[in-house]
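Pasting in a structure now, in C-alpha cells, and then I'll have a few things to ask.
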There are 2 protein chains.
Amino acid sequence: MKLTSSEENYIKAVYHLRGDQRLVSTNELAELLATRPASVTDMLKKLRTKKLLQYERYQGFKLSAEGKKMALGIIRRHRLWESFLSEKLRFNWDQVHDVAEQLEHIRSSLLIDRLDEFLGFPRFDPHGDPIPDPQGKMQVSRHLPLDECPLLTFAIVSHVTNQSNQMLEILGHHRIAIGTKLEVRRKFHYDHSLEIRIRNQPAIVISEQVARNIHVKPV
Amino acid sequence: MKLTSSEENYIKAVYHLRGDQRLVSTNELAELLATRPASVTDMLKKLRTKKLLQYERYQGFKLSAEGKKMALGIIRRHRLWESFLSEKLRFNWDQVHDVAEQLEHIRSSLLIDRLDEFLGFPRFDPHGDPIPDPQGKMQVSRHLPLDECPLLTFAIVSHVTNQSNQMLEILGHHRIAIGTKLEVRRKFHYDHSLEIRIRNQPAIVISEQVARNIHVKPV
DNA sequence: AAAATATTTTAGATTAGCCTAAATTATATT
DNA sequence: AATATAATTTAGGCTAATCTAAAATATTTT
Ligand SMILES: [Mn+2]
Ligand SMILES: [Mn+2]
Ligand SMILES: [Mn+2]
Ligand SMILES: [Mn+2]
C-alpha cells in the first residue's frame with residue numbers, strides 16, 4: 001500500500017506518541033503536528049479505512065500491526081537519511097532533521113537498502129536514536145537522561161529532548177552540543193542539580209530540569 | 001520563489017522542449033507530461049502569474065529568464081542525484097531516472113551544494129548529459145549519434161534515444177549498454193549500415209536506424 | 001473565402017488536505 | 001445529578017491539481 005506524504009507524517013507522529021502501545025487523543029496529535037483537531041479527525045477516518053489504525057470516535061486511536069510496520073519503515077528512512085547527511089555530507093546534528101523530513105517520503109526499496117549498505121548498516125542516527133532494520137527491529141538505545149547517569153563515568157551527549165530557544169541558549173552558554181563528552185562529578189540532593197565537567201574545562205552546575213532534557217550515552 | 005513539485009515538473013518539461021529558445025504548444029507539453037491539454041492551460045496561467053513564462057492564449061509560450069534559471073536548477077538537482085545513485089549506490093543507468101524524478105524536488109541549497117562536493121563536482125550525469133553548475137552554466141556535451149561518429153575512433157556509449165523493448169532486444173543481443181566502449185570500423189553507403197567493434201569481440205553490423213539511436217562520446 | 005479539422009481554452013466536477021465555527025459528546029466540578 | 005468545561009466531531013469552505021465535455025479560436029483544405 002502506498003501512502004501520501006501527509007498520511008506518512010500522521011502515522012509517524014502517532015508512533016512517536018507511543019500509539020503502538022496506548023490510546024492517543026486527537027488533541028495530542030494535533031498539537032504534535034501543529035495542525036487543527038478537525039484536520040486530525042479527517043485524517044483518522046482515512047487511515048482507519050486503510051486499516052492502519054483502530055479508531056472509534058471520541059474514544060482515541062492506536063496503530064494497527066500494519067500501521068506500526070509502516071511507521072517503522074518511515075522512521076527507518078528518516079534516520080538513514082539523517083545518518084547520510086551527517087556522515088557523508090558533513091551536516092551538523094541540528095541541520096539534518098528538516099531535510100530528512102522530506103527525504104523520508106521518497107519511496108524506493110532499492111534506494112533505501114542501498115543507502116543502508118552504503119552507510120555500513122548503521123544502528124543509530126546522529127541523535128543517538130536507533131535505526132529500525134528492514135523488518136522493523138531495532139537495538140535498544142543505551143542512552144539515558146543525564147540526571148540518571150552514573151557518577152564519574154564519561155558519557156557523550158546524544159540527544160536533547162527540549163529544543164526550545166531557552167534550552168538552546170543554556171546549552172550554547174555551557175558549550176554543550178550533541179557529541180560533547182562529559183562526566184557527572186556530583187549530585188546535589190537539595191535541588192537535584194548536577195555538577196558536570198566537559199573535557200578539561202572547569203566544572204559547571206546545571207539544574208535538574210536541564211539535566212533531564214539532555215540525554216547521554218555512557219562510553 | 002518556491003515552487004510546488006508539479007510546477008517544477010512543468011517548468012522542466014518546457015525547458016526540455018527547448019522552451020527557452022522557441023514557442024512551445026499546449027499539446028506538446030501535455031503529451032510530454034502525459035496529462036491533458038486542459039490541465040496544461042491551467043498551469044500555464046499559474047506560471048505566467050509567477051512570471052516564469054511568457055504566454056498568450058492560443059499563441060504558445062516560452063520560458064522567461066527567471067523560468068530558465070529555475071529549469072536549470074531543477075535539472076542540476078536531477079542530474080546530481082542520478083550521479084549519486086549511479087556512482088555511490090550502484091544503480092544501473094536505467095534505474096536512476098525514476099528516483100531522481102522525486103529527489104530533484106527536495107529543496108535545500110545546503111543539501112545540493114554538499115552533494116555536488118561529495119561527488120567531486122561531476123560535469124556529466126550517468127547518461128552523459130551535462131550537469132549545470134550553481135549558476136546554470138554547463139559544458140557542451142560531446143556526445144553524438146553513432147552514425148555521425150568518426151571512423152576508427154574509440155567512443156563510449158552514453159545514451160540510448162529509443163528505449164523500446166525492440167531496441168533493448170537488439171542492444172542486449174549485441175551486448176551494447178551505456179558505458180560500452182566501441183569503434184566504428186566501416187560505413188556501408190548502400191544502406192548506411194555500420195560495422196562496429198566492441199573491445200576484442202568480432203565486428204558486427206548494425207542498421208542506420210539503430211545507429212542513429214545510440215549516442216556516444218569519443219574518447 | 002468557406003468549410004472542415006485541429007488546437008486550445010473554458011466551464012464545471014472531483015479529490016486531497018487543510019481551515020473555522022458550530023454542534024456534539026465526554027469529563028470534571030459543584 | 002445537574003451544570004460547567006473540555007475534547008472531539010461535523011458542517012461547510014477554500015486551494016491546488018487534476019479531469020471531461022463543450023465552446024472558442026486557429027489552421028488547413030477545398
Ligand atoms: Mn515528513
Ligand atoms: Mn534523528
Ligand atoms: Mn519530478
Ligand atoms: Mn540523466
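Throughout, protein chains are lettered first and strands after them, A, B, ... in sequence-line order, and every chain is numbered starting at 1. These numbers were taken from a predicted model, which means no experiment stands behind them.
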Nucleotide dT9(D), atom C1' - distance to CG of Leu44(A) in whole Å: 11 Å
Against the side chain of Ser25(B), the closest entry in dT8(C), dT10(D), dA26(D) is dT8(C)
Which part of the nucleic acid, if any, lies within reach of Tyr10(A) when heavy atoms closer than 4.0 Å are counted: base, sugar-phosphate only, or nothing? sugar-phosphate
Give the rounded distance in Å between these two atoms: CG of Leu47(B) and C1' of dA16(D). 13 Å
When the nearest nucleotide of DNA chain C is assigned to Ala34(A) and to Glu56(B) on a heavy-atom basis, which residue is associated with the more 5' position? Glu56(B)
Gap between atoms CZ and C1', on Phe61(B) and dT7(C) respectively (whole Å): 12 Å
Over 60° means perpendicular and under 30° means parallel, so tell me whether Phe84(B) and Trp81(A) are parallel, tilted or perpendicular. tilted
Residue Arg57(B), side-chain atoms from C-beta onward, closest of dT20(C), dT18(D), dT9(C): dT9(C)
OP1, OP2 of dT9(C) versus side-chain N and O of Thr26(B): anything below 4.0 Å? yes
Could you please name the option among dC19(D), dC19(C), dT9(D) that lies closest to any side-chain atom of Asp42(B)? dC19(D)
From CG of Asn9(B) across to P of dA16(D) the rounded distance in Å is 17 Å
More than 12 heavy atoms of other residues, nucleotides or ligands under 6.0 Å from CD of Gln21(A): is that the case? yes
Atom-to-atom span, CD of Glu28(A) to C1' of dA7(D) - whole angstrom: 12 Å
Would you indicate, yes or no, if dT10(C) has its OP1 or OP2 atom less than 4.0 angstrom from a side-chain nitrogen or oxygen of Lys45(B)? yes
So, is Asn27(A) near the phosphate of dA6(D), with a side-chain N or O under 4.0 Å from OP1 or OP2? no
Side-chain contact, heavy-atom cut-off 4.5 Å: Leu44(B) with Arg48(B)? no
His97(B) and His78(B) aromatic ring geometry - parallel, tilted or perpendicular at 30°/60° bounds: tilted
If you compare every side-chain N and O of Ser6(B) against the phosphate oxygens of dT18(D) (OP1, OP2), does one of them come in below 4.0 Å? yes
Do His105(B) and Asn9(B) touch side chain to side chain, with heavy atoms closer than 4.5 Å? yes
Scan Tyr55(A) against the nucleic acid and name what it touches under 4.0 Å (heavy atoms): base, sugar-phosphate only, or nothing. sugar-phosphate
Under-3.5 Å donor-acceptor pair between Tyr58(A) side chain and dT24(C) base: yes
Would you say a side-chain N or O of Ser39(A) is under 4.0 Å from OP1 or OP2 of dC19(C)? yes
Polar contact flag, side-chain donor to acceptor under 3.5 angstrom, Asp191(A)-Ser193(A): yes
For the side chain of Ala38(B), starting at C-beta, report the closest nucleotide among dT9(D), dA16(D), dA21(D). dA21(D)
Atom CE of Met43(B) to atom C1' of dC19(D): distance rounded to whole Å? 14 Å
Between Thr35(A) and dC19(C), does any side-chain N or O lie under 4.0 Å from OP1 or OP2? yes
From the list dT10(D), dT9(C), dC18(C), which nucleotide is the closest neighbour of the side chain of Thr41(A)? dT10(D)
Whole-Å gap separating C1' (dA16(C)) and CG (Leu3(A)): 14 Å
Phosphate OP1/OP2 of dA26(D): any Gln59(B) side-chain N/O under 4.0 Å: yes
